[in-house]
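Nothing fancy with the numbering, it's 1 onward along the sequence. The analysis underlying the following values was restricted to heavy atoms, covering all of them including side chains, and did not include hydrogens, waters or symmetry mates.
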Amino acid sequence: MPATQENDIGIVVYAPALVGADSRPLAVVHGMESAFPGLRLEWTISREGKLVRLPQREAWLAQGRPTGKGFRLICNGDESYRVTVSGWERPAGLSPGGQAQFEVHAALSLAATGITVAADVLEAVAEGARAFWGRMDPDGIAVTVSEQFRHPGEEPHVPPKGLPSLKLPWELPAPEIPHHLGWLNYWSAAAARTIGFPDPARDADLLSRSRRTATGGWVVGLTHEPLDLDNPAHLDALKRAYERFPEIGGRSVP
């Protein structure tokens, strides 16, 4: 049984590394349930692909991962509408500023219900993890993003669809700098300051699709509908956002 399904919306957030008996994994799970009416994350998936109920969910989450810090995949147990979330430690050597991070991944269906609660779920995951930044994208966008990263020896580097080249995450000097843009973006207060958002004179369009969070961060949508890079209007919106925020992806850093 796959952990995700076709036509998912994927969430990734990047937060400070877990320490000790950290409560953030449970905060992420509780936040998702609060943001998504009727959602209960009380199942996991075995190595054999079978659903396994978690009667002692909190204790199970506190166990972390067999291979290190974080938490194993937890889901809603619904075969017809799968919602999943898991988290792990991103090593210092692969992270901006050489600081290990807590990386959380979640997925829900691109069906109407998922789109309706998308911004709420992204905010809940990011705020629960106390993330620096995060993003939500339809399944498939990640392939294009991966081709935007410039690897050593790639000269010239020509990303697809006229999008800009981005530095690799571990080449960025600080964890508050987003690696790239997504359909929906979460920027903590620190990340927003780092990239210069918002500027009322320049960001009126983005602000029309933005909202402030309880911690002073922002959830910012590039388009009303899920991002479709085959839609010229959507691609243009993405390019304009990259032009507006050269700090994203380290493009303003020599």
Side-chain angles (χ1 to χ4, degrees), residues 1-15 18 23-90 102-129 131 134-146 182-184 186 219 221 223-230:
M1 181 187 304
T4 59
Q5 56 216 0
E6 292 184 3
N7 300 318
D8 276 349
I9 314 174
I11 294 172
V12 186
V13 306
Y14 299 89
L18 294 169
S23 63
R24 285 180 288 159
L26 185 57
V28 167
V29 170
H30 282 167
M32 287 184 70
E33 291 176 335
S34 296
F36 197 132
L39 178 67
R40 290 295 297 170
L41 298 167
E42 298 177 327
W43 300 78
T44 190
I45 300 174
S46 72
R47 290 176 183 243
E48 297 73 34
K50 297 185 181 299
L51 285 168
V52 179
R53 193 171 186 94
L54 300 171
Q56 302 294 327
R57 182 181 70 175
E58 283 73 9
W60 183 85
L61 282 168
Q63 291 175 7
R65 302 178 69 90
T67 55
K69 296 178 180 177
F71 63 101
R72 291 169 285 174
L73 183 142
I74 189 168
C75 69
N76 62 337
D78 186 342
E79 298 277 10
S80 63
Y81 193 101
R82 182 66 53 78
V83 178
T84 66
V85 62
S86 59
W88 53 83
E89 182 170 82
R90 184 181 180 93
F102 175 37
E103 181 175 341
V104 180
H105 289 243
L108 54 152
S109 172
L110 195 56
T113 303
I115 295 172
T116 300
V117 301
D120 294 336
V121 174
L122 172 60
E123 179 178 347
V125 172
E127 300 262 293
R135 57 81 178 157
M136 174 181 273
D137 273 321
D139 191 38
I141 297 291
V143 174
T144 298
V145 171
S146 69
W183 166 43
L184 298 179
Y186 172 83
V219 176
T223 56
H224 289 292
E225 302 82 19
L227 193 64
D228 176 1
L229 298 185
D230 292 324

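Counting heavy atoms from C-beta outward, E58 and H30 have side chains that approach closer than 4.5 Å. Contact check for N76 versus M32: no side-chain heavy atoms found under the 4.5 Å cut-off. Contact of the Q63 side chain with the Q56 side chain is not registered, since no non-hydrogen atoms from C-beta on lie closer than 4.5 Å. H105 is not listed as a side-chain neighbour of I11, based on a closest heavy-atom distance of 4.5 Å or more. Counting heavy atoms from C-beta on, the side chains of V29 and R57 come closer than 4.5 Å.
Summarising the geometry, atom CG belonging to D8 is positioned 7.5 Å from atom CG belonging to L108; distances are rounded to the nearest 0.5 Å. Separating the CD1 atom in I141 from the CG atom in L229 is a distance of 3.5 Å, to the nearest 0.5 Å. Atom OG1 in T44 sits 13.0 Å away from atom CZ in R53 (nearest 0.5 Å). Note: W60 CH2 to L26 CG = 12.0 Å, rounded to the nearest 0.5 Å. Annotation: the span from I74 atom CD1 to L54 atom CG amounts to 5.5 Å, rounded to 0.5 Å. T113 contributes atom OG1, which lies 6.0 Å from atom CZ of F36 (distance to the nearest 0.5 angstrom).
The two residues R65 and K69 come nearest to each other via the heavy atoms CD-O, 3.6 Å. When all heavy atoms of P138 and W183 are compared, the pair lying nearest together is CD-CB, 4.3 Å. Shortest non-hydrogen contact noted between P226 and L110 is CG-CD1, 3.8 Å. When all heavy atoms of A129 and A15 are compared, the closest pair comes out as O-CB, 3.2 Å. Contact record, F102 with P25: CZ-CG, 4.2 Å, taken as the closest heavy-atom pair. The two residues V28 and G128 come nearest to each other via the heavy atoms CG2-C, 3.9 Å.
When each of V85, V83, L51 is paired with C75, the side chain to side chain contact (heavy atoms under 4.5 Å, CB included) condition holds for L51 and for no other.
Checked by atom type and distance alone, the side chain of R135 pairs as donor or acceptor with a backbone atom of G10 at under 3.5 Å. Under the 3.5 Å distance criterion, the side-chain polar atoms of E89 are left unmatched by any main-chain donor or acceptor of L18.
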